[in-house]
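Keep in mind that the numbers below use all heavy atoms, side chains included, and drop hydrogens, waters and symmetry copies. Note that the structure is a prediction, hence the values are computed from the model and not measured. So you know, we letter chains A, B, ... as the sequences are listed, proteins then strands, and number each from 1.
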Amino acid sequence: MTDPTCAFFGITLIPVAWLVIGLLGLVRIRSVPWVGRILFPVSALLGLLLGAMALSGLALPAQTLVLPLGLPSLPFHVRLDGLSRFFLMLIGFTSAGISMFSAGYLRPGEGTPPGLMCLQYHVFLASMAVVVLANDAYLFMVAWESMALSSYFLVTTEHRLPEIRRAGFIYLLIAHIGAISILLCFGVLQGGSWRFTFDAMRAAHLTPLWASLAFVLALFGFGAKAGLVPLHVWLPEAHPAAPSPVSALMSGVMLEVAIYGLLRVTFDFLHAQLWWWGLLALGLGLFTALFGVVFAAAQTDMKRLLAYSSIENIGIIFLGVGLTIIFHAFHMALLAAVALAATLYHCLSHAFSKSLLFLSTGSVLHATRERSLGKLGGLIHRMPWVAWLTLIGTLAIAGLPPLSGFVSEWLLLQAFLFTPSLPHSFINMLLPIGAAALALVSALAAYVMVKFYGVIFLGQPREPTLQDAHDCGRPERIGLLWLALGCVLLGLLPVPILALLNSVSRELLGASLGGRLQHWWLLAPIAPERASYSPVLFMLSTVALVTLVTVAVHLLYHGKVRKTEPWGCGFPVVTARMQDTAEGFGQPIRQIFEPFFRMSRTLPSPFDTAPHYRVQVDDHFWYWLYAPVATVIQGVARMTAVIQRGRISVYLLFSFLTLLALLVFVL
Amino acid sequence: MVTPLSSQLIDLCAAVLLLLSFSMLSQRRVLTLVDLFALQGGTLFVSIVVVAWNTHQYQLFYSAALTLVLKVIFLPLILNRLIRRLGAQWETETLLNASATMLIGLLLVIFAFTLAEPISRLASTITRSTLGIALAIVMLSFLMMITRRKAVTQVIGFLAMENGLFFAATSATYGMPMVVELGVALDVLVGMVILGVFFFHIREQFDSLDLHNLESLKED
C-alpha cells in the first residue's frame, strides 16, 4: 500500500470485485449458505479493505485515471482525491458492518431469492463507490442511475405486497426527478465547452447567474436523493418496505453519497460561492431537521421512526453545508473549515449509528415478526446483545457525549456561535435562531431515541409472543459490534479523525484546522480558551462517577436487587398493556407541533364495549404539494389521450400529416 | 456519356414506377398486389442498372443486385407463401373508396412535384427529373398504408415506401453510401421476419388479420 498508484488500482478494483461477488450469487441462486456464509463475509472483508485503503491515502494528492471502458471517444474517467477518499472510507467501513450483518440475516423467503438479492446488493455497493470515483458526468450518471435502480429492486424485495410496490414506485419516481435535475446541473456546469469531464467543469467559469442555477439544480437533485424536505416523502415509505440491511445501506451510505455530490459540485466545480446559497441550504436543512425529528416523535412503526430520524440527520448535514458556504463566501477560512469538518463528521457518525439502528430493527423484526412499537417491549431480557449494542447507537444518534453524534453537533454549534463575526447584519440576526433551532432538534432527537429504545427494549413485553424472541446470531453480532465500535471510536478520538479530514478541507476550502489539533485528547477547534471538549476525560469521569455511585450504593445500602410489584395507582391489576406506549410517549410533541401534522383521530364512545382508538398522522406535503401536481399531470394526460384513438390508420395519418407539414415547412 | 436513349429509359422507368404505385393503391387482390410489388422492384432494378451503366458508378451495381435478390425474388416469395398460409388473399374493404383514394393520390403527386422542383434544379445528376416521382411514390405508399385495413397490405405499403426511398436516393445523389444501403436492406429483412411472426400471432388471437381487431386494445 506504500505505492500510491498501486493503492489507486486497488481501490478501483474493489467495485469490480463486488460486482463479481454479486454475479457469483447467481451461481446458486437459492442457496442461503452459499450467499450468506461465503459471499457476504467476503464482501464485508472487501469493504474493510476499501475503507482501509481510502483511509491510508487520505492525505495523498489527487490521482486520475482514464479507463479503457465506456463509449468510443467517451472513455470513463476516475479520480481519487481527499473528498472521494473520505466517502470511500465511509462506504467501505459502513458496508463492512452491514454486509457482515446480512450474512446472518438472509432467510429463504417469499420475495427475491437470496442469490439475486446478493447481485442487487453488490451492484448497489459498487455503483455507490463508482459515483464517488467518477471524474466525468457520463460515468457519474451511469453509476448514479444504477445506484437508484439497484436500490429500487432491493426495496421491492417483497414485491408480492402491493404497498411495497407502491413504496418502490415513489422512491424510483423521486430518484428520477432528482437525476434529471443533476443532469441539467451538469449541463449548466460545462459552461459552453460541451465537454462533460469533471476537469472541464472545474476549468469552466460561470457567471453568478449560471452558477446559482447550477447550485440550485444540484441542491434539488442531490436533495431529492438525500431526503431534503419537500422531497423527503420516499424515505418513510421505502425504509419500512426494504429489508433491514438495505435500509441500513440506503440510510447510512446512500444518503451520504448524495451529500458527496452536493459538496463536489458546490466546492469543487463552482469557484465562487454566494452567501445566499448557504442561507438557502441552511434554511432548508433547518426546516428538514425540525420536520424530521417532530415526525419521528409521532411514529409508531420503528422503521418509519428511523426513516424520519434520517431526514432529521440529513437536515443537520445540509445545515452544516449551508454554514460552510456562508463562511466560505465571506472568506472566513477557519470557521468554514470547522463547519465542513462538522458536516463530514456528522456524515460519518450518521452512517455508523443509523446503520446500526436499522440493523437492530432487522434483528428485532426477525425475532418477533413485529414492526409496530405498540406490540414490542421488554426485549432487553430476551435479546441482550442487540439491546446493548442498540443502546450505543441510540446514544450516538441522540448526540450524547462521549459518542460520535455529540462531536459533530458540538462542532456545528461552535461554528454557529461565531456567526456574529460575519460582516452581514441580516445573517447575523438570522443565524442565532438557527443555532437555537439546532439545539432544539438535538434535544428532540434525544427524546425520539428514548422513545425508540424504551418502547422496544425496556419495560414488560406487550404481547405474549415476545416471550420466545431470540437473540441474533454470530455474524449479525459481529456486524453490530463493528458499527457500535465505530460510534464509540468516533466519539472518543475526534482529534485524530479530524486531523485526517484536514486534507479534504484544504482541498475544498484552501484552509484546515491544521495546527489546532495538537493534543489527541483535547478538541479545541477555534481556541482552547473559548471552547474545548475532551471526550476521553469525559468518559473517564463518567465511568468513575458511575462506579463510585454503584460501589457506594452496594456498601451503604443492602446491595441486592429487589423484585416487587410496582405501585399500581390504586388499580388491583397491572398488566403489560398499561405501560406507556409509543403513541402516549409521542403525544406531547404531537400537541406542541400540531400545525406540522395532518391528524385524523377516531375516539371510541364511552359506551363502546370493544373500544378502538385510532389516530393517523399524515404529512401535509402529500396534500399541499404532491396531490396537486399529480392532479395536473393526470389532467394533461387525459387531454392527450383524446388523440389516442387506438386505430392504426389514424396513427399512420398523424405521422403522414406531420411529414407533409414538415415538408411544407422546408419548402 | 449520357445518351438520350438512357435518359429516356430512366424517365420511362420512373413513369412505370409511378403507374405501378397507383395501381397498387387501387388493387384489392392481395396476391396481385405482391406481384405488382415485385414488378416495382424489377423496374427499380432496371433503372438502377441503367444509371450505374451510364454514370460509371459501379457501386450502384451492388445495390441493384441487392434490390433484385431482396425485392424481386425473396420478399415476394415469402409474402406469397405467407398470404397463402394465412388465407389472406382478399382485402375485404378499404377505409376509403378507390376513386377518393386516387384523387388524394393525384393531389399528393402534385405536391411532391412542387416540392421536388427546387431540389432537382440544384441537382446535377442525370436522374434529377425523377426526384419528384420518387417522392410521389413514397407518399402514395404511405397513403396505401393509411387506407388499408389488413396487416399484410400495410407491410406491402411499407416495403413499397422503401422502394420509393431507394429510387429517391439514386435519383438525387446516385445512391446512398453502401453502409446505409446495406443497413436499410437488413432493416427491411428483419422487419419482414418480425411482421411475419406478428401476423401469425394476430391471426391466432383474433382469427383474422384485420387490424380493426387491434383497436379494442385501447384502454378507456
*Under the ring pair (Phe, Tyr, Trp, His ring centres under 6.0 Å) test, residues paired with A:Phe124 that sit two or more places apart*: none
*Using non-hydrogen atoms and a 4.5 Å limit, figure out which bit of A:Leu659 sits close to chain B: side chain, backbone, both or neither.*
side chain
*Residues of residues 101-110 of chain B under 4.5 Å from chain A (heavy atom pairs)?*
B:Leu108
*Has B:Phe22 got more than 12 heavy atoms of other residues, nucleotides or ligands less than 6.0 Å from its CZ?*
yes
_Between CG on residue A:Leu663 and OG1 on residue B:Thr114, distance to nearest 0.5 Å_ = 10.0 Å
*asked:* Within a 6.0 Å radius of atom CZ on B:Arg85, are there more than 12 heavy atoms belonging to other residues, nucleotides or ligands?
replied: no
*Applying salt bridge (Lys or Arg N to Asp or Glu O under 4.0 Å), name anything that partners A:Asp199, two or more places apart in sequence or on another chain.*
A:Arg202
_Flag if over 12 foreign heavy atoms under 6.0 Å of CZ, A:Phe153_ = no
_Taking side chain to side chain donor-acceptor pair (under 3.5 Å) as the cut-off, I'd like each qualifying pair that reaches into residues 34-44 of chain B, sequence neighbours left out, listed once._
B:Ser21-B:Gln40, B:Gln40-B:Asn163
*In terms of heavy-atom contacts, does CZ of B:Phe158 have more than 12 from other residues, nucleotides or ligands at under 6.0 Å?*
no
*Where is the tightest heavy-atom contact between A:Leu652 and B:Met145, given as atom of each residue plus distance?*
CD1-O, 3.4 Å
